[in-house]
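Chain letters run A, B, ... following the sequence lines, proteins first and then strands; every chain starts at 1. Reckoned from all heavy atoms, side chains included, excluding hydrogens, waters and symmetry mates.
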Number of protein chains: 2
Amino acid sequence: MNLNDKQIHILSTAEKLFACKGFDGTSIRDIAEAAQVNIAMISYYFGSKEKLMQSLFEERTQHMALRYENLIQNESLNPWDKLCYVIDDYVERVKEKQRFFKIMLHEQILEKNTLITELLNELKQKNLAFMELIIKDGQKKKLFKKGVDIVLLTNTLTGIAMQALLNKAIYKKFHGLEALSEEAFDKLLKEKASNHIKNLYKAILNYEA
Amino acid sequence: MNLNDKQIHILSTAEKLFACKGFDGTSIRDIAEAAQVNIAMISYYFGSKEKLMQSLFEERTQHMALRYENLIQNESLNPWDKLCYVIDDYVERVKEKQRFFKIMLHEQILEKNTLITELLNELKQKNLAFMELIIKDGQKKKLFKKGVDIVLLTNTLTGIAMQALLNKAIYKKFHGLEALSEEAFDKLLKEKASNHIKNLYKAILNYEA
DNA sequence: CCTACCGATCGGTAGG
DNA sequence: CCTACCGATCGGTAGG
């Protein structure tokens, strides 16, 4: 995946449109117009609309699996510190890549594109295996209690982050935060969500700080 | 909303298609063919494809807000029992209406249909207000600790239920449950998710059973 | 990299 | 409730 500037530009334009109109609700003409390129360039650069979407997924997910390699081998952090890092990192990523996370969610619901579904499943498996490593290490070191459902634990992180993203307007209204700028609010919500999830993890793992 | 048998039939056929192909990915011809009715009947009975979707939402959500009225006034249940009821009920509803919950999620992401978005926001507000009532009652009775973020607490329930729904295949594989029938698996997952969420609520509210 | 076009399908309905 | 059709738009590309 070596993309030139124009391809990168088209991808990020398409990302915006897919996030707010959906894949089927976005035409290649919409993308071409918004990106200020000729319609034929979509096929020229990516092959088809479907392959453009696949390119977007490959581009946006390529760094995801690898970023935890270093963490796992870091001996100076205990399992709980590692969990906190993962939680902060995930919530931060959702906040920074809101558009792409919406598209991912969309693809998870429909499962229409086999290649993307497989890519997402692989990612999930890797994340689960990674989570399991940390938890088991913590259990061996008597920091965490046994008998924890790794999948539900992971769903707790991803589910709350996702709902926080989808219910931003509700959160803002409920807590009277309409005056905040978008960035300030996003930062606040990120902190709140991160802390909430850490508290839940602490409880479910019987971890005592 | 008085629907005749044919309209009910068309709605449930459309629900299936919308859930697995999305709104924009489903044509009125797809619906007409699957429901074995003439294409013109979509406009005839519902006005348009968009209004058909709105009818689906009205039909499927009309009982949602009202079902908690009785619960709130039930004096024989303490706040914790009421929370457990809400958790069980929500998870059960996600399990029973998997298709519609996918469509709801879809609409929450795109927010294209203003009427549906407003309907969903109203529902969310009501559910939040309801949750707040129970929590505050529990706090007054010294059963729950203070300083709980109601929105994040609610996101915890809806987020985990949603992720459990979207990651069924992952859960099945991770725990080696491929041999189970779909119904048996759904039931198991429902129990597991419900218990998991209750444990989290117990911890976050400092509730001692 | 663009023009000019393809066949297919879309949501919807006039008229009966 | 159905037939037969509308104009618009879709994804995609031949040919230059």
Could you pull out all donor-acceptor pairs under 3.5 Å where a side-chain atom in residues 16-26 of chain A meets a protein atom, sequence neighbours excluded?
residue: Lys21(A); atom: NZ; partner: Asp30(A); partner atom: OD2; Å: 3.2
residue: Asp24(A); atom: OD2; partner: Lys112(A); partner atom: NZ; Å: 2.6
residue: Thr26(A); atom: OG1; partner: Leu17(A); partner atom: O; Å: 3.4
residue: Thr26(A); atom: OG1; partner: Gly22(A); partner atom: O; Å: 2.7

Query raised in the report: Which ring-ring contact (aromatic ring centres under 6.0 Å, His included) pairs, counting each pair once, include a residue from residues 105-130 of chain B, with sequence neighbours left out?
Result: His106(A)-His106(B), Tyr68(B)-Phe130(B)
Requested in this report: Sort and list the pairs that fulfil salt bridge (Lys or Arg N to Asp or Glu O under 4.0 Å) and have at least one residue in residues 33-57 of chain A, not counting sequence neighbours.
Outcome: none
Run the side-chain donor-acceptor check on residues 179-186 of chain A: report pairs under 3.5 Å with partners two or more places apart or on a different chain.
residue: Ser181(A); atom: OG; partner: Ala184(A); partner atom: N; Å: 3.1
residue: Glu182(A); atom: OE1; partner: Lys172(A); partner atom: NZ; Å: 3.2
residue: Glu182(A); atom: OE2; partner: Lys168(A); partner atom: NZ; Å: 3.0
residue: Asp186(A); atom: OD1; partner: Lys168(A); partner atom: NZ; Å: 2.9
residue: Asp186(A); atom: OD2; partner: Gln98(A); partner atom: NE2; Å: 3.0

Report task. With pairs defined as Watson-Crick or G-U wobble and both distances under 3.5 angstrom, please note down DNA chain C as a dot-bracket string, | for pairing with another strand. Result -> ||||||||||||||||
Query raised in the report: Which part of the nucleic acid does Lys6(A) contact within heavy-atom distance under 4.0 Å: base, sugar-phosphate only, or nothing?
Result: sugar-phosphate
Report task. Can you sort out the partners of Tyr90(B) under ring-ring contact (aromatic ring centres under 6.0 Å, His included), two or more places apart, ordered by chain and number? Result -> Phe101(B)
Query raised in the report: How does each nucleotide of nucleotides 9-16 of chain D score, in 5' to 3' order, for protein heavy atoms under 4.0 Å: base (B), sugar-phosphate only (S), or none (-)?
Result: -SBBB---
Report summary line: Those residues at least two apart in sequence (or on a different chain) that pass ring-ring contact (aromatic ring centres under 6.0 Å, His included) with His196(B) are none
Requested in this report: Only counting residues at least two apart or in another chain, list the ones meeting ring-ring contact (aromatic ring centres under 6.0 Å, His included) with Phe174(A).
Outcome: none
Query raised in the report: Do the ring planes of Phe144(A) and Tyr207(A) sit parallel (below 30°), tilted (30 to 60°) or perpendicular (above 60°)?
Result: perpendicular
